[in-house]
Novice: 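Shown below is the structure under consideration.
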Amino acid sequence: MKYTALQGTKDLLPEDAPKWRYIEDKIREILSLYNYKEIRTPVFEQTELFKRSIGDDTDIVQKEMYTFQDQGKRSLTLRPEGTASIVRAFIEHNLGEKSPLVKLFYFGQMFRQERPQKGRLREFNQYGVEVIGSLDPLVDAEVIELGVRINKAFGLEGLKLYLNSIGCKDCRPAHRDAFNKFVKDKIEKFCQDCQLRLLRNPLRIFDCKNEKCIEALKDAPMILDFLDAKCKNHFKKVREYLDQMGIEYILDGRLVRGLDYYTRTTFEIKSEALGAQDTLIGGGRYDLLVSELGGKDTPAIGFAAGIERLFLVLEMQKKFPLEDERLDVFIAPLGEKEKSLGLKLLKDLREKGLRCDLDFLERSLKSQLKEADRQKAKKVLIIGEDELKKGKGTLRDMETKEQKEIEFEKLVQELIRA
RNA sequence: GUGGGUGUAGCUCAGCCCGGUUAGAGCAUCAGGUUGUGGCCCUGGGGGUCGCGGGUUCAAAUCCCGUCACCCACCCCA
């Protein structure tokens with residue numbers, strides 16, 4: 001085959017497109033209940049924006065971005081995530097001036113040049129929310145509950161919510177120092193990768209799946225023990241609100257996020273139905289990002305969710321509703337004149353809002369009925385020589401097999417009533 | 001970037017170890033059984049560079065080397 005979809009990209013075929021639409025519709029419906037407003041931003045931005053927001057030392061920026069030069073030799077990058085663009089737009093359009101609290105959501109494809117595997121593509125779709133303008137732990141709780149709620153609305157089973165707080169710029173350094181020292185002192189007990197992580201992004205050692213490292217980390221200093229009074233209180237409130245709403249979660253002091261902009265509350269929702277890439281939703285606070293990108297000091301929180309992963313779980317747990325796109329009428333013409341009459345009727349019926357189609361392949365009546373059956377047509381209008389002569393078509397009900405003759409002029413009327 | 005697995009018909013796969021008649025099955029598709037009537041059934045047909053390139057051999061889907069793609073995992077993350 002000469003041309004194929006590129007590695008890590010996928011075609012969405014007609015059989016799956018309705019499922020995709022189902023997902024989007026349902027999510028939109030819920031987001032509307034929560035009073036979130038949609039925002040759409042370009043798929044590419046200045047490279048610098050992502051470097052600034054995601055962090056120069058992260059893997060995303062280091063080796064996963066699709067970066068290219070445009071004709072003017074500017075460095076552009078296909079967005080690897082959604083938050084940076086939205087914060088950029090928030091600042092650029094002074095959205096914070098119009099109202100002090102902005103609740104946004106987005107859908108869109110993201111691009112990361114990683115090795116594909118189950119639940120991970122190079123071009124993938126995310127939806128996400130961002131709430132910009134409030135430091136109130138109540139907002140954290142609302143955002144987390146929203147994430148839980150959306151998954152619940154799809155009937156997903158086997159989900160777990162993990163929660164942590166990674167502190168702020170005041171309390172993180174103390175933990176970082178203590179943690180680095182802890183690891184350095186017993187560096188030989190950690191795997192190769194973790195020894196590298198210590199230099200790059202020490203907290204990610206918490207993510208290591210290596211048994212040795214997990215064991216070695218047993219008594220490691222946890223960020224939760226280092227939170228300053230404000231952060232501690234904030235986190236306490238978040239948990240209280242979640243408890244109030246009956247949201248179950250697992251307190252996970254090892255949960256650290258991979259993007260630099262996160263502060264305080266972080267959370268993930270994982271599905272046990274997925275493989276290694278099991279995070280359905282990941283998010284947290286990013287109180288410093290708006291000012292980091294040149295806006296006024298504005299606190300914010302949000303999450304991003306992988307739609308392909310949601311799709312996988314829905315498929316596995318058979319949670320897609322099976323609604324067929326049935327045809328109201330299928331027209332079966334048996335000759336040249338019949339075809340042109342059929343085309344006219346088709347137009348009239350469609351104008352009245354009926355879903356219909358006609359056989360374009362000049363097939364036998366038998367084949368045409370077969371086709372109508374495949375299309376799950378409710379009725380078939382047969383137009384042959386006899387019908388043409390009489391000025392009446394034969395209308396067959398595909399379920400009852402009843403047939404009646406009906407004048408072409410009255411057809412549209414009759415079908416609308418039925 | 002690293003490791004393992006898999007590439008044969010539109011789809012799911014058998015055949016490969018132990019090279020050898022026209023490369024198979026089920027599903028799908030088309031036609032006929034019903035000269036104008038679907039779903040079930042029966043009969044028949046079409047459809048394959050056996051991922052690609054090279055090598056070994058009288059002979060390669062089958063053995064060897066290379067290469068590409070996909071999948072899973074590491075890594076990373078949604």
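Lettering of chains follows the sequences in order, A, B, ..., and the numbering in each one begins at 1.
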Novice: Hey, can you pull the donor-acceptor pairs under 3.5 Å for the side chains in residues 144-153 of chain A, sequence neighbours left out?
Specialist:
residue : atom : partner : partner atom : Å
E145(A) : OE1  : Y34(A)  : OH           : 2.7
E145(A) : OE2  : Y34(A)  : OH           : 3.2
N151(A) : ND2  : G147(A) : O            : 3.4

Novice: In residues 123-133 of chain A, which residues come under 4.0 Å of RNA chain B by heavy atom?
Specialist: F124(A), Q126(A)
Novice: For Q368(A), answer base if it contacts any base atom (sugar-phosphate contacts may also be present), sugar-phosphate if it contacts only those atoms, and nothing otherwise; contact means non-hydrogen atoms under 4.0 Å.
Specialist: nothing
Novice: Ignoring hydrogens and geometry beyond distance, is the side chain of R197(A) in donor-acceptor contact with the base of rC76(B) at under 3.5 Å?
Specialist: no
Novice: Distance-only check: which donor-acceptor pairs under 3.5 Å involve side-chain atoms of residues 125-133 of chain A, not counting sequence neighbours?
Specialist:
residue : atom : partner : partner atom : Å
N125(A) : ND2  : E308(A) : OE2          : 3.1
E130(A) : OE1  : Y286(A) : OH           : 2.5
E130(A) : OE2  : T83(A)  : OG1          : 2.8

Novice: What nitrogen or oxygen pairs link the protein and nucleotides 28-30 of chain B at under 3.5 Å?
Specialist:
residue : atom : partner : partner atom : Å
rU29(B) : OP1  : R374(A) : NH1          : 2.4
rC30(B) : OP1  : R363(A) : NH1          : 3.3
rC30(B) : OP1  : R374(A) : NH2          : 3.3

Novice: Enumerate all atom pairs, one protein N or O and one N or O from nucleotides 2-13 of chain B, separated by less than 3.5 Å.
Specialist:
residue : atom : partner : partner atom : Å
rU2(B)  : O4   : R115(A) : NH1          : 3.2

Novice: To the side chain of E387(A), which of rC71(B), rC77(B), rG36(B) is closest?
Specialist: rG36(B)
Novice: Between D328(A) and R355(A) (salt bridge meaning N to carboxylate O under 4.0 Å), is one present in this structure?
Specialist: no
Novice: Just jot down the side-chain hydrogen bond (donor to acceptor under 3.5 Å, both in side chains) partners of K319(A), sequence neighbours excluded, or say none.
Specialist: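 K319(A): side-chain hydrogen bond (donor to acceptor under 3.5 Å, both in side chains) contacts with E157(A).
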Novice: Using residues 170-180 of chain A as the side-chain source, report each donor-acceptor pair under 3.5 Å to any protein atom, sequence neighbours left out, with the distance given to one decimal.
Specialist:
residue : atom : partner : partner atom : Å
R172(A) : NH2  : Y262(A) : O            : 3.1
H175(A) : NE2  : P221(A) : O            : 2.9
H175(A) : NE2  : I223(A) : N            : 3.3

Novice: List in numerical order all residues of residues 31-55 of chain A for which some heavy atom is under 4.0 Å away from an atom belonging to RNA chain B.
Specialist: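 Those residues whose heavy atoms fall under 4.0 Å from RNA chain B, taken from residues 31-55 of chain A, amount to none.
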Novice: In a table with atom names and distances, give each donor-acceptor pair under 3.5 Å that connects a side chain of residues 105-112 of chain A to protein atoms at least two apart or in another chain.
Specialist:
residue : atom : partner : partner atom : Å
R112(A) : NE   : P80(A)  : O            : 2.8
R112(A) : NH2  : P80(A)  : O            : 3.0

Novice: Provide the distance between the two C1' atoms, one in rU8(B) and one in rC50(B), to the nearest whole Å.
Specialist: 4 Å
Novice: Do K401(A) and rG39(B) share a donor-acceptor pair, side chain to base, under 3.5 Å?
Specialist: yes
Novice: Per the atom types in the model, does the base of rG38(B) pair as donor or acceptor with the side chain of E399(A) at under 3.5 Å?
Specialist: no
Novice: Between G8(A) and G119(A), who's closer to the 5' end of RNA chain B by nearest nucleotide?
Specialist: G8(A)
Novice: Return the set of residues passing salt bridge (Lys or Arg N to Asp or Glu O under 4.0 Å) with K103(A) (not counting sequence neighbours), or none when no residue passes.
Specialist: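 K103(A) satisfies salt bridge (Lys or Arg N to Asp or Glu O under 4.0 Å) with E142(A) only.
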Novice: Do the charged groups of K390(A) and E405(A) touch, with an N to O distance under 4.0 Å?
Specialist: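 Between E405(A) and K390(A) there is a salt bridge, with a charged N closer than 4.0 Å to a carboxylate O.
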Novice: Taking side-chain hydrogen bond (donor to acceptor under 3.5 Å, both in side chains) as the definition, give me every residue that meets it alongside T47(A), ordered by chain and number, with sequence neighbours left out.
Specialist: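 Partners of T47(A) under the side-chain hydrogen bond (donor to acceptor under 3.5 Å, both in side chains) test: S75(A), T77(A).
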Novice: Side-chain donor-acceptor contacts of residues 249-256 of chain A below 3.5 Å, not counting sequence neighbours, with atom names and distances?
Specialist:
residue : atom : partner : partner atom : Å
Y249(A) : OH   : R239(A) : NE           : 2.9
D252(A) : OD1  : R254(A) : N            : 2.9

Novice: Is the closest basic N to carboxylate O distance between D357(A) and R350(A) below 4.0 Å?
Specialist: yes
